[in-house]
Amino acid sequence: MATPSMEDYLERIYTLIEGKGYARVSDIAEALNVHPSSVTKMVQKLDKSEYLIYEKYRGLVLTSKGKKMGKRLVDRHALLEDFLRVIGVSEDVIYNDVEGIEHHLSWDSITCIEYLVQYLQQNPERAAELIRLRETGEVNE
């Protein structure tokens, strides 16, 4: 099972590979704002856990397990951003809020949020009503 830190690395590696076709230690370090030696240590852990194959000086390749987990983590991040957006959270804080909560939710909770987002997107009048309630402070206590 991946730790939150491993998830952050896998998510970023997956995104880099999807965008550029590869992910070098220096790319990962820059994207996560960490030292390259920290990336090397984590990449070795991810290799040991069979999320990727790492060869010093040759780079890394995600395994099918790593690709599946990376995609799942990227999708989770996007879903949580959609969720916060649809309930009216300011764009200025969405990214950092998702970073703060994404590792603390169970996959069961993520699935429930997915259904709620889908419902609110299919029924925009409900989402608008929720935002209006917040703006007017008309919440029943």
Side-chain angles (χ1 to χ4, degrees), residues 1-56 58-141:
M1 180 155 200
T3 65
S5 182
M6 291 168 84
E7 288 184 351
D8 282 339
Y9 276 83
L10 276 172
E11 184 179 347
R12 188 61 59 170
I13 291 167
Y14 181 85
T15 301
L16 285 168
I17 290 174
E18 284 297 302
K20 297 170 59 172
Y22 62 90
R24 297 178 303 198
V25 167
S26 59
D27 298 324
I28 301 164
E30 183 179 331
L32 291 172
N33 199 24
V34 296
H35 197 273
S37 63
S38 299
V39 174
T40 300
K41 286 179 189 170
M42 180 55 78
V43 165
Q44 290 169 339
K45 281 185 189 176
L46 293 169
D47 183 314
K48 198 171 191 173
S49 297
E50 301 178 347
Y51 288 108
L52 55 81
I53 299 168
Y54 173 66
E55 291 183 37
K56 195 173 182 178
R58 298 194 75 188
L60 58 93
V61 177
L62 287 173
T63 63
S64 60
K65 177 182 173 182
K67 286 179 189 171
K68 184 177 176 184
M69 179 60 97
K71 181 175 181 350
R72 192 173 187 198
L73 296 170
V74 168
D75 290 347
R76 176 183 71 183
H77 191 101
L79 171 68
L80 292 173
E81 284 189 353
D82 288 348
F83 171 64
L84 294 182
R85 195 168 287 119
V86 79
I87 64 171
V89 174
S90 168
E91 286 289 334
D92 298 342
V93 299
I94 286 177
Y95 182 83
N96 286 335
D97 282 358
V98 170
E99 286 295 315
I101 63 174
E102 66 183 344
H103 302 294
H104 303 287
L105 296 171
S106 68
W107 288 104
D108 186 46
S109 294
I110 296 293
T111 300
C112 292
I113 290 170
E114 185 175 16
Y115 281 109
L116 178 60
V117 168
Q118 190 174 19
Y119 172 77
L120 292 172
Q121 288 174 337
Q122 291 172 348
N123 299 281
E125 69 280 359
R126 294 291 184 193
E129 184 179 345
L130 178 64
I131 291 170
R132 187 182 51 75
L133 283 172
R134 183 176 142 222
E135 289 172 350
T136 61
E138 294 178 17
V139 177
N140 294 332
E141 294 183 23

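Quick caveat, the model's predicted, so the values are computed rather than measured. These numbers come from the heavy atoms of this one structure, side chains and all, not from hydrogens, waters or symmetry mates.
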Salt bridge (Lys or Arg N to Asp or Glu O under 4.0 Å) between Asp75 and Arg72, intermediate numbers included
CA-CA 5 Å; Asp75 290 347; Arg72 192 173 187 198; over 6 Å; no
Pick one: which of Leu60, Leu52, Thr63, Val61 meets side-chain contact (heavy atoms from CB on, under 4.5 Å) with Asp47?
Leu52
Just jot down the side-chain contact (heavy atoms from CB on, under 4.5 Å) partners of Ser90, sequence neighbours excluded, or say none.
Asp92, Val93
Rounded to the nearest 0.5 Å, the CD atom of Gln118 sits from the CG atom of Leu79 at a distance of 10.0 Å
How many angstroms lie between atom CD1 of Ile28 and atom OG of Ser38, to the nearest 0.5 angstrom?
12.0 Å
Solution key, residues 10-19 side-chain donor-acceptor pairs under 3.5 Å, sequence neighbours excluded:
| from | atom 1 | to | atom 2 | distance (Å) |
| --- | --- | --- | --- | --- |
| Glu11 | OE2 | His77 | ND1 | 3.3 |
| Arg12 | NH2 | Tyr95 | OH | 3.2 |
| Thr15 | OG1 | Glu11 | O | 2.9 |

Atom CD of Gln121 with >12 non-hydrogen neighbours under 6.0 angstrom
yes
Quick check on Lys56: does its NZ atom have over 12 non-hydrogen neighbours (other residues, nucleotides or ligands) under 6.0 Å away?
no
Heavy-atom neighbours of Lys65 NZ exceed 12 at 6.0 Å
yes
Can you give me the closest heavy-atom contact between Thr40 and Tyr54, atom names plus distance?
CG2-OH, 4.0 Å
For Asp27 and Ala23, indicate whether the former's side chain and the latter's backbone hold a donor-acceptor pair under 3.5 Å.
no
To the nearest 0.5 angstrom, please state how far the CG atom of Asn96 sits from the CD atom of Glu99.
7.5 Å
Ignoring hydrogens, what is the shortest heavy-atom contact between Arg134 and Ile87? Give both atom names and the distance.
NH1-O, 4.1 Å
Using every non-hydrogen atom in the two residues, find where Ser49 and Met6 come nearest and quote the distance to one decimal.
OG-CE, 3.6 Å
Heavy-atom pair with the smallest gap, counting every atom of Arg126 and Leu120
CB-CD2, 3.9 Å
Nearest heavy-atom neighbours spanning Pro4 and His103:
O-CE1, 3.3 Å
Rounded to the nearest 0.5 Å, how far apart are CH2 of Trp107 and CD1 of Ile113?
11.0 Å
Do the side chains of Met42 and Leu46 get nearer than 4.5 Å, heavy atoms only?
yes
To the closest 0.5 Å, what do you measure between CZ (Phe83) and CZ (Arg76)?
14.5 Å
